[in-house]
Amino acid sequence: MPELPEVESVRRQMLPHVCGRSITAVDRDPYPSKRIYALADAVGLRIDTVLRRGKYLLLPLTGASGAVEKELVIHLGMTGVLGFTPDAPHVRVRFALDDGAQLTFRDPRRFGRVCVVTPGMYATIPTLQRLGPEPLESTFSVAGFAVALQHSRTPVKAALLNQRVVAGVGNIYADEALWAAKIHPASRRIGVKRAGVLHAELIRILTAAVAREGTTFRNYELLNGASGKFASALNVYGKTGGSCPRCATPFRRAVIAQRGTTYCPKCQRH
DNA sequence: CACGCCTCCTGTGCGC
DNA sequence: TGCGCACAGGAGGCGT
């Protein structure tokens, strides 16, 4: 389940392999997926850089004139993996590059997205179009975060997951940040003070996870097949049957926003 | 508009 | 041993 730290790690790792490379051909498996489209528009264009917004990888594509003509958008979904292994199982898309390498997108579950759009035009990608602030940039203000949470009447965990209050947070880091901030995931009332704590914990945890190249729990791997190293730092996620490191209370499990949620019923308060 | 539920997908792991 | 089924969850879409 690649979230911001995992996608950022993939971005950094792929940069030196794709920057300056032109896409000479694209092919995809014949499965009629609505999440993969317009790939032919990338052929003949050059990848200048790899950007990230939330969980989306954004690759501006430059034409012969030097202008950015298209944008390649990649979302790893749950099981998407980028690499240079054209013969691996579950390859959905292959980009042939002008140095002979083949950038491949593997995705057993087919939840990932790969598409080419007009630069900055995200009408076909609603979540990207309405994406909230980057949590590790100054646009993620405490005040704005507090206001957004006060306007939300959903459980705070649902607000963290919806990508509009803040970008890039998924099930792992939502559970971890709520545990660190001692906030009950089902709470619908988050005051300014607790919003400030949650804001700080999100930044702290995401920063630490980026530094360790993300969390490999199930599907995520880096371009070279390596694992992220943040899994050992997890306190709640995946700890069903375990107990709270702070107070030793057995963790409880619930479903919130259709997601498995682990929390401490004693020290995480409504 | 906001919210919540259903759906898409398939590999994995469990119980019987 | 082998089978069947629940489960994992990011995001799109739709109904209320």
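Here is the naming used below: chain letters follow the sequence lines, and residue numbers restart at 1 for every chain. As a basis for the values below, the full set of heavy atoms in this structure was taken, side chains included, without hydrogen atoms, waters or symmetry mates. Note that the coordinates shown come from a computational prediction; the quantities given were computed from them, not determined experimentally.
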A/D175 side chain reached by A/T261 side chain, heavy atoms, under 4.5 Å: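 Side chain of A/T261 against side chain of A/D175, heavy atoms only: contact under 4.5 Å found.
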Just N and O in the side chain of [X]: are any of them under 4.0 Å from OP1 or OP2 of [N]?
X: A/H90; N: B/dT10; answer: no
X: A/R253; N: C/dA8; answer: yes
X: A/R35; N: B/dC8; answer: no
X: A/R109; N: B/dG11; answer: no
X: A/K34; N: C/dG13; answer: no
X: A/Y31; N: B/dC9; answer: yes

Pair of N/O donor and acceptor under 3.5 Å linking B/dA2 base with A/R130 side chain: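 Looking at the base of B/dA2, it does not pair with any donor or acceptor on the side chain of A/R130 (distance under 3.5 Å).
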Protein-nucleotide distance ([X], atom [atom1]; [N], atom [atom2]), rounded to Å:
X: A/H151; N: B/dA2; atom1: NE2; atom2: P; value: 10 Å
X: A/K239; N: C/dA8; atom1: NZ; atom2: C1'; value: 17 Å
X: A/L161; N: C/dA8; atom1: CG; atom2: P; value: 14 Å
X: A/Q163; N: C/dG13; atom1: CD; atom2: P; value: 16 Å
X: A/R113; N: B/dC8; atom1: CZ; atom2: P; value: 14 Å
X: A/R153; N: B/dA2; atom1: CZ; atom2: C1'; value: 7 Å
X: A/I125; N: C/dG10; atom1: CD1; atom2: C1'; value: 14 Å
X: A/Q258; N: C/dA6; atom1: CD; atom2: C1'; value: 17 Å

Residues A/D107, A/R109; criterion salt bridge (charged side-chain N to carboxylate O under 4.0 Å, His left out); working and verdict: CA-CA 6 Å; A/D107 187 17; A/R109 297 278 293 279; over 6 Å; no
Which part of the nucleic acid does [X] contact within heavy-atom distance under 4.0 Å: base, sugar-phosphate only, or nothing?
X: A/Y237; value: sugar-phosphate
X: A/G260; value: sugar-phosphate
X: A/S152; value: sugar-phosphate
X: A/R92; value: nothing

Side chain to side chain contact (heavy atoms under 4.5 Å, CB included), paired with A/S33, selected from A/R92, A/R113, A/R28: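 By the side chain to side chain contact (heavy atoms under 4.5 Å, CB included) criterion, A/S33 pairs with just one of A/R92, A/R113, A/R28: A/R28.
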A/E71, A/R130, A/Q129 screened by side chain to side chain donor-acceptor pair (under 3.5 Å) with A/Y122, the one that passes: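 So the option named by the test is A/E71.
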Whether over 12 other heavy atoms sit under 6.0 Å from A/K229 NZ: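 For A/K229, atom NZ is crowded (more than 12 foreign heavy atoms under 6.0 Å).
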A/R110 side chain, from C-beta outward: closest of C/dG10, B/dC9, C/dG13: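 The closest nucleotide is B/dC9.
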Nucleotide nearest A/P155 when distance is taken to its side chain, options C/dG13, B/dG4, C/dG10: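 Minimum distance to the A/P155 side chain belongs to B/dG4.
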Centroid-centroid under 6.0 Å between A/F145 and A/F140 rings: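 That pair passes the under 6.0 Å test.
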